[in-house]
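First comes the structure, then the notes that go with it.
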Amino acid sequence: MLVIVEGADLVGKSTLVERLAVRHNLPIIKLRWALRGDPEIETRAMAATTIGILRATQPRAIFDRAYFSWWAYAPALGYDASYMPELIAGFTGIHAHVIVLTASEAELRRRYERKPDAYFSLDVIFAANARFPSLLPLLPPSLPRLHIDTTANDADAVYMQAEEPFSASEGGVYDSSPSVRKITCS
């Protein structure tokens, strides 16, 4: 099973990924690239490379972000992302689940004040966070997806929701239809 966890900085991705990796004995994949030239050319290359490797290997792993993040971060950083729907739609032939985490601006501000992000300003994080839900309808129809709002959820509640695809692969029931499920717990 391949799981891709997406979301803006400070929403709880790394916390969730680390916990799932330990529980299921899976490696964590963090692909990052430093933009040195044309963002579109570099993103297209990263997408093609990621898809090619995943199709060839079909790994059991957890991604702490993939190239999908550029859909949310490009506009937040002042770059064009009009080519991203094509790259996202091209993520086919790979058995994976996508989990998108978001949080309210107030919660992101609280987390940022507690521990500022090393890479992005709070305004960039707000903009990316607001755009991440619009990634979900761009995903290929065959790709199961889950949206969890981490605002009112502690790490345990987020983890329990994210466990659904794993439970299904171990004989449980998981609705793998491509409809978007949003979970918000109080």
Side-chain angles (χ1 to χ4, degrees), residues 1-21 23-24 26-31 43 46-47 50-51 53-55 57-76 81 83-104 107-108 125 127-153 155-170 172-185:
M1 166 174 291
L2 179 69
V3 175
I4 301 169
V5 180
E6 288 285 358
D9 290 46
L10 304 175
V11 296
K13 285 181 317 304
S14 295
T15 300
L16 175 61
V17 164
E18 290 166 11
R19 196 162 171 189
L20 289 170
R23 165 70 173 88
H24 298 284
L26 296 172
I28 297 171
I29 301 172
K30 289 187 177 191
L31 293 178
T43 304
M46 179 59 76
T50 300
I51 291 168
I53 290 170
L54 293 177
R55 283 182 183 156
T57 62
Q58 295 292 326
R60 284 185 28 87
I62 300 176
F63 267 77
D64 185 338
R65 282 207 180 123
Y67 69 89
F68 300 155
S69 288
W70 193 241
W71 167 253
Y73 273 100
Y83 56 92
M84 286 301 298
E86 170 194 345
L87 298 183
I88 294 164
F91 194 85
T92 59
I94 302 162
H95 178 68
H97 297 266
V98 176
I99 300 171
V100 173
L101 303 181
T102 57
S104 70
E107 181 61 18
L108 291 172
I125 293 169
N129 182 68
R131 189 163 163 96
F132 263 106
S134 69
L135 164 68
L136 295 162
L138 299 176
L139 295 169
S142 62
L143 201 60
R145 75 278 325 250
L146 178 65
H147 177 196
I148 304 172
D149 182 339
T150 66
T151 301
N153 290 300
D156 289 336
V158 171
Y159 171 76
M160 292 306 295
Q161 296 301 321
E163 270 290 315
E164 287 185 21
F166 293 98
S167 297
S169 70
E170 296 167 0
V173 176
Y174 176 67
D175 178 5
S176 63
S177 66
S179 63
V180 176
R181 295 183 44 234
K182 181 172 182 179
I183 296 168
T184 306
C185 300

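Residue numbers start at 1 and run along the sequence shown. Every value quoted in this text rests on a predicted model; they were computed, and no experiment measured them.
- From I29, atom CD1 reaches atom CG of L54 across 6.5 Å, with rounding to the nearest 0.5 Å.
- Looking at residues two or more places apart in sequence or on another chain, you find no side-chain contact (heavy atoms from CB on, under 4.5 Å) involving A130.
- With hydrogens and angles disregarded, no donor-acceptor distance shorter than 3.5 Å links the side chain of K13 to the backbone of V5.
- Scanning all heavy atoms of the two residues, the minimum distance from A81 to P85 falls at O-CD, 3.7 Å.
- Side-chain contact check for R65 versus L31: every heavy-atom pair is 4.5 Å or farther apart.
- Shown here are the side-chain contact (heavy atoms from CB on, under 4.5 Å) partners of I28, two or more places apart in sequence or in another chain: V17, E18, A21, K30, D64.
- Considering only heavy atoms from C-beta on, R23 comes within 4.5 Å of Y159 through its side chain.
- Between H97 and H95, some side-chain heavy-atom pair lies under the 4.5 Å cut-off.
- A72 and A128 get closest at one heavy-atom pair: CB-O, 3.5 Å.
- To the nearest 0.5 Å, atom CG of residue L16 and atom OG1 of residue T150 are 10.0 Å apart.
- Rounding to the nearest 0.5 Å places CG of L108 at 7.0 Å from CD1 of I125.
- Interatomic distance, I51 CD1 to T92 OG1, rounded to the nearest 0.5 Å: 7.0 Å.
- Residues V3 and I99 are in side-chain contact: their nearest non-hydrogen atoms beyond the backbone lie under 4.5 Å apart.
- Formation of a donor-acceptor pair under 3.5 Å by the R131 side chain with backbone atoms of W71 is found in this model.
- With a 4.5 Å cut-off on side-chain heavy atoms, R19 and E163 do not count as touching.
- Closest heavy-atom contact between A162 and L20: CB-CD1, 4.2 Å.
- Using a distance-only test at 3.5 Å, with no hydrogens or angles considered, a donor-acceptor pair links the side chain of T151 to the main chain of S104.
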- request: Please step through side chain to side chain contact (heavy atoms under 4.5 Å, CB included) for the pair L135 and I88, ending with a clear verdict.
  value: CA-CA 8 Å; L135 164 68; I88 294 164; 3.5 Å; yes
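- Interatomic distance, CG of L87 versus OG1 of T43, reported as 7.5 Å (0.5 Å rounding).
- Minimum interatomic distance between A66 and E6 (heavy atoms only, all atoms of both residues): N-OE2, 2.9 Å.
- Residues E107 and T102 form no side-chain contact, since every pair of their non-hydrogen atoms from C-beta on lies 4.5 Å or further apart.
- F63 has its side chain within reach of L2: a pair of non-hydrogen atoms, C-beta onward, lies under 4.5 Å apart.
- Among all heavy-atom pairs drawn from A157 and N153, the shortest one is CB-OD1, 3.7 Å.
- Taking each heavy atom of L138 and S134 in turn, the nearest pair found is CG-O, 3.6 Å.
- Side-chain contact between Y73 and F68 is absent, with no heavy atoms from C-beta onward closer than 4.5 Å.
- Between Y67 and F91, the ring-plane angle classifies as tilted under the 30° and 60° cut-offs.
- One distance of note links CE of M1 with CD1 of I62; it measures 9.5 Å at 0.5 Å rounding.
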